[in-house]
Structure formats: C-alpha cells, structure tokens
Protein chains: 2
Amino acid sequence: MGIDELFRALGDPTRREILRLLRDGDLSAGELAAHFPLAKSTLSGHFTILRHAGLIVAERRGTTIIYSLSIGAVEELAAAVMALLGAGAVGARAKWPGTAPRRKGSEKGEAR
Amino acid sequence: MGIDELFRALGDPTRREILRLLRDGDLSAGELAAHFPLAKSTLSGHFTILRHAGLIVAERRGTTIIYSLSIGAVEELAAAVMALLGAGAVGARAKWPGTAPRRKGSEKGEAR
DNA sequence: TCGGTATTTCGCCAATAATCGAATTATATT
DNA sequence: AATATAATTCGATTATTGGCGAAATACCGA
C-alpha cells in the first residue's frame, strides 16, 4: 500500500473505470468484467493491482467475489498530493501556467 | 493535461522527487539533475512528462532552463480523486480494509 | 564568427506492464 | 461423487517505459 503502487494503480484508465463503477455499489468480478471488452483474466489482474494499492477490498460469497471501494488509501493519497504539491503550491512559489514572467523567448505552452 | 497523464506522471519516484525538490524553490534542469544518479537526458525526459502533465512549468533564462512547480494540475487532480473515491467513499458504501462484514448475507440493500 | 555551456533530441536496449487463451482452484448443487 | 459456475493463476506475446551515450540545438560572450 505504498505511494508508488497507489499512483501507478490510478494511472490506468481501465482501473479508474473500475473504481468509478464501484462508486455506485459493490459488484462481482464477473459483473465488473462485463463492462469491458477485455478478457476476464486481464480484469482479474487489474483487481489484484487495485487491491494491493488498497483501493478496493474483496469479499467472497459462494463462488462469486464481491469487490467494494475501500477508503483505506484515500488518506494516504491526499497526504501524498499535499506533500508533493499542496502547501508549497498554494503559497507564493508555484505558478499558474501562463502567469510566468514573460521574458523574451521564454516558455509559452510548448516551450521547446 | 489529462487525468491519465497526471496519474502516470506521479507514478514514478524520480518524478515525485523532482516535484518535492521544486517545493523548496525553483531549480534549473542541471541543478535538478545533480540530485539524481541518472543521465541528464533521462532527467530531461522526466521534465517533459511532468510538463505535459501540467505539474511544472519551464522558463528559459539564458542558456539555462528554470523549472517551477505549477498548480495548474492540482485542481484537476483533486477533482479526479474526489470523482473516483471521494464523495462515494466517504459515504456508507466503502469499507475500511479489515472491517468485518457487518452481517453476512444481507446488508446490501439490493444485491443486483 | 567561434568556442563554451546548458539542455534537449535521437537511436537503441533492457525491464516492466497489459493482454490473451488455456489450465487450475474454489464453491455450490444435484 | 460428478458437474457446473465463478474467478484466478499460468505461460506466452506484444506494447510501453526508463535508461544510456552520442549528436543536435540554443544561447552567451569574446
């Protein structure tokens, strides 16, 4: 349940969609898989990654496994975001893109 | 500056360390590179990824390029986290990991 | 214009990640 | 015990990523 696993888990659109679906209620592995054009084994891999990141929890009921959102990682995620960008960024140091001093030949979106 | 680029950019420890360093003040590409045992070209690639994610901005000054934290992405990041886990997770639905199922068998209003 | 410094871009390679179908495990039902 | 169903694990394949050194680009000063 480290920061790295957390951000990496969220860095995939399929996995974010799984989380979004679970926001509307718990779903079984099969029900979740039905929402994607991917093999069940592929989805199963995504579940494992999300579980290791602390973003979902699994509960077996009979032959099916029900997945639910877990807020265990939310606190860690919020703390990480704040530590990286939060307090420092809100202060005077950070810049809104486009508000940098406009010197000759400086950035401008795609500064190359 | 999409959600995907944002999370992927944050999913690498070197890039997170770059952001952490920039929290204490702007630094040039060379000054940043000096903090890592990596080739400058490798760091340059990380800068590009962070810039595309909207997490940093570049300003050329003479031959050097100064990087600064940008809060342009913070709002988007916060919104994404909330959309995925926030409101829904804070409610009654999500579980803390390790929380025993309240009552086996039938507390899911409607098992779908 | 020439030389020096800072940084990026370009090929290339190794490691990691995403995907699939087939085989396997776990549970329930008859 | 045999069968059926749900999900995972396994082995192989392809795509993406992170890394390097060398070459190219951008800028400054003499």
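Below, chains carry the letters A, B, ... as their sequence lines are ordered, and counting in each starts from 1.
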Rounded interatomic separation in angstrom, taking CG from L32(A) and C1' from dA7(D)
12 Å
L50(A) CG to dA18(C) P: how many Å, rounded?
11 Å
Output the rounded distance in Å from CZ (R51(A)) to C1' (dT9(D)).
12 Å
Polar atom pairs (N or O), protein with nucleotides 24-30 of chain C, under 3.5 Å:
from	atom 1	to	atom 2	distance (Å)
dA26(C)	O3'	R60(A)	NH1	3.4

A side-chain contact here means heavy atoms from C-beta on lying under 4.5 Å apart; do I66(A) and L27(A) qualify?
no
Min side-chain heavy-atom separation I3(A)-R16(B) under 4.5 Å
yes
What are the two closest heavy atoms between R8(B) and P13(A), and how far apart are they?
NH2-CD, 4.1 Å
Quick one: are R51(B) and V57(B) in side-chain contact, heavy atoms under 4.5 Å?
no
Can you confirm whether L22(B) sits close enough to L32(B) that some side-chain heavy atom of one is under 4.5 Å from a side-chain heavy atom of the other?
yes
Rounding to a whole Å, what distance do you find between F36(A):CZ and dA18(C):C1'?
14 Å
Do F47(B) and I65(B) have side-chain heavy atoms sitting under 4.5 Å apart?
no
Is any side-chain N or O of S28(A) closer than 4.0 Å to OP1 or OP2 of dA7(D)?
yes
Main chain of R60(A), side chain of T64(A): is a donor-acceptor contact present, judged purely on distance under 3.5 Å?
no
Select base, sugar-phosphate, or nothing to describe what Y67(B) touches, counting heavy atoms under 4.0 Å on all strands.
sugar-phosphate
In whole Å, I'd like the distance from the CD1 atom of I65(B) to the C1' atom of dT8(C).
8 Å
Across nucleotides 15-25 of chain D, 5' to 3', mark each nucleotide with B, S or - according to how protein heavy atoms within less than 4.0 Å reach it.
--SSSBBB---
May I ask whether L10(A) and I49(B) are part of the same hydrophobic cluster, defined by side-chain heavy atoms of I, L, V, M, F, W, Y residues being less than 4.5 angstrom apart, directly or through others?
no
